[in-house]
Amino acid sequence: MSNNPPKSQLASAASSEVMIAIKQMNKWYGQFHVLKDINLTVHKGERIVICGPSGSGKSTMIRCINALEEHQEGEIIVDGILLGKNLKNLDHIRTEVGMVFQNFNLFPHMTILENLTLGPIWVRKMNRVDAIDTAMTYLERVKIPEQAKKYPGQLSGGEQQRVAIARSLCMNPKIMLFDEPTSALDPEMIKEVLDVMVELANTGMTMVVVTHEMGFAKTVADQVIFMDEGDIVEQNEPTVFFDNPQHERTKLFLSQIL
Amino acid sequence: MDAWWDDVFAAYALNIDDLWRRTICTAPSFPAGDHIRRKHRQRETNVTNEAKATKRGAPKEKFNFFQDQRVRSVLYQLLTAGIIGWMVWYLASNTAHNLSARGMNTGFGFWNVSAGFDTDFKLIDYTPGIGTYGRIFAIGVLNTLLVSFLAIIVSTILGFFIGVMRLSSNWLVAKVALAYVEIFRNVPLLIQIIFWYMGVFSVLPVVRNSLDLSFGSGWMTLNNRGLYISTPLPGDLFWLTPAALVLAIIGAVLFRRHARKVQNETGRQINTLLPSLAAIILLPLAVFLATGTPLAWDMPKLSGFNFVGGTSLPPAFLALLISLSIYHAAHITEAVRAGILSVSKGQSEAALSIGLSPGRVMSMVVIPQAMPAIVPPLISNWMNVVKNSSLAIAIGYADIVSLFMQTALNQAGYAVEMVGMTMGFYMVVSLTISFFLNIYNKRVQLVER
Ligand SMILES: Nc1ncnc2c1ncn2[C@@H]1O[C@H](COP(=O)(O)OP(=O)(O)OP(=O)(O)O)[C@@H](O)[C@H]1O
Ligand SMILES: [Mg+2]
């Protein structure tokens, strides 16, 4: 299936258990109000795609979920834990939430295998043999086990991004965040990364994905969110979202990117 | 015909372009995304394509000896070497002639001649009237090396500490560090040396009113003649204490290895730091007490107008050590800060997002990547410490310049030889340091790939 993602919607894996709850969240950068009264609920197994124009606050919002950014008002509850000043909670949430970045951020001074085992060994306190086993399992899942001994600089962009996904998965997270995972890639590499993400969706992973790959959104998403100027303007199922957008700004945005 | 320098310039330009193509374009690791590397590859392909095109398109050139690029560049190099050689020969013969005309001494005969003057700071035995100029040279070398070595250690530790402070998210801490850097980096070193010498150490109380820095025990005192410290006098069984220290350190290393093995096999992490520290401190202490504290102190005692006994460090030494350390720490701070900032923020974010603690993010992800950027400026600062220690001449610390190149030279003559030896000494030290830097750079390149 990875070679030919179906046009139809993947079966939803969403359950009623809430994994992420954002309530009345506000964030400022100095005087600049980046996120305004954000409300969002993500259930276990649900797949959310976020899109919107550049500078609308998409990255900032998902970075708040694993506390790479601090929010000033409202609350964020991840896996039942309130994000706040408590450092222990913070550490715990970060082990449960994986994140994939636009420009991969692999550690260039470590081999692929070392990149993948760093977290399991030092955070999950796994023994080396098991950590390597886990790493190889995930490298096989992203289809590049033969690259284990290489350094990130020796891999193509698509391969690096797949390693980055595998690195997050090695921590066995409950939620995966993706921030424009294919934006830095050439067209021929985008597909190999999207394939891996579709497969991941198939395993029932809870995913929040910032992307402009509307094909991916149509196939995989349970909900599509449109953000503009720090607001969630529209949120709907992909069929409704694409065929029958409610807001003018959404219509304008879709007409520009489709 | 074109001016001759056009050719020289063209030759250099060619080499620079060649260098660019060979080093920059093919540099194996571009940390940024693939697109940057591709851009460079693109450029390279363009270059080779152009080369191919000219090879195919241009008619075969006739070989003309004086118009040939390679012949010309060899000729210009020969010419340059010839001019330099002639200048050196001219200077040397001229100087030799003038020196002998004025009846000044030449040669290295002074080495075994005894010197008549004394010095207030020496690490080896020397008696005026008996000790030779060779010994004076050795004293100067050791004094320069001592103050440089200590200043390098202090400035490096201070520099790393303040460099990390500079990046602190605490406003006050960051600003204090910034003020430190701006003040000490922007005031000329010579002025700082004179400030510490004249403004601090010379206005200390006189000997009679010495400041006791060891809570009234007389172990360490400070006055306007310098710092007086007790010298340890080890007794019979004292050697057992350092032996215990070495044993404790070996034990700590083995323990650490064991901990690593346990972690590899079971994943369990053992805290090695505390037990190791305890062993390293407590074991030698226990041995020291058990052998009956076999250590006496040679205390400095006031006798007449001065202290005798113990070790004394003159004000010039203290002023030089402190100003060199502080000045170069400010420069090292900037190297450390720039190195840490050169690691992209995405690296620490990625490390945080897999759950690593901030300390581990620093030590396992950020610092290893910052080191290649920190080490070269750090080591160049070390070289500058050695070279700048020659400013000792301003306050009369007996370093190689003020003791050998000034005092000894004034007494004995031999200007060319003595200045040459001094220059040779600094070159040997600098080249030794850069030799180690090159080894480090090679290793880093291998690891980085
Ligand atoms: N550290 C920061 N300090 C100040 N302003 C910031 C900072 N980071 C982001 N911003 C601003 O916040 C706004 C939202 O940024 P954000 O990166 O979340 O946008 P985005 O929707 O992800 O855009 P893109 O599609 O370009 O990635 C932008 O206007 C940006 O300029
Ligand atoms: Mg963004």
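Values below: every heavy atom of this structure, side chains too, minus hydrogens, waters and symmetry copies. Residue numbers begin at 1 in each chain, while the letters A, B, ... track the order of the sequences.
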For a quick test of reading the model, state the closest non-hydrogen atom pair linking B:I354 to A:R167 and the distance between them. CG2-CG, 4.3 Å

Could you tell me which portion of A:L68 (side chain, backbone, both or neither) has an atom closer than 4.5 angstrom to a non-hydrogen atom of chain B? side chain

Turns out that what part of A:M171 lies under 4.5 Å from chain B's heavy atoms comes down to side chain

Taking all atoms of both residues into account, what is the closest heavy-atom pair of B:M364 and A:M110, and its distance? O-CE, 3.5 Å

In short, A:R128 meets B:N264 closest at the heavy-atom pair NE-OD1, 2.5 Å

More than 12 foreign heavy atoms under 6.0 Å from CZ of B:F161: is that the case here? no

Measure B:Q347 against the heavy atoms of chain A and call it side chain, backbone, both or neither at under 4.5 Å. both

Relative to chain A, which segment of B:T266 carries a heavy atom at a distance below 4.5 Å: side chain, backbone, both, or neither? backbone

Where does A:F101 contact chain B at under 4.5 Å (heavy atoms): side chain, backbone, both or neither? side chain

Within this structure, what is the OG-CG distance for the pair B:S357 and A:L90, rounded to the nearest 0.5 Å? 12.5 Å

Is A:R124 close to chain B through its backbone or its side chain, or both, or neither, when contacts mean heavy atoms under 4.5 Å? neither

To the nearest 0.5 Å, what is the distance between OG (B:S344) and CG (A:N103)? 7.0 Å

Residue B:R360 excluded, over 12 heavy atoms near CZ under 6.0 Å: yes

Options B:V343, B:V365, B:V262, B:L356, ranked by heavy-atom pairs under 4.5 Å with chain A, top entry: B:V365

Among the options A:I93, A:N66, A:L118, pick out the one with the most heavy-atom pairs lying under 4.5 Å from chain B. A:L118

Backbone N/O of A:I121 and side chain of B:Q269: donor-acceptor pair under 3.5 Å: yes

Please state whether the side chain, the backbone, both or neither of A:L106 comes within less than 4.5 Å of a heavy atom of chain B. backbone

Does OH in A:Y29 sit with more than 12 non-hydrogen atoms of other residues, nucleotides or ligands closer than 6.0 Å? yes

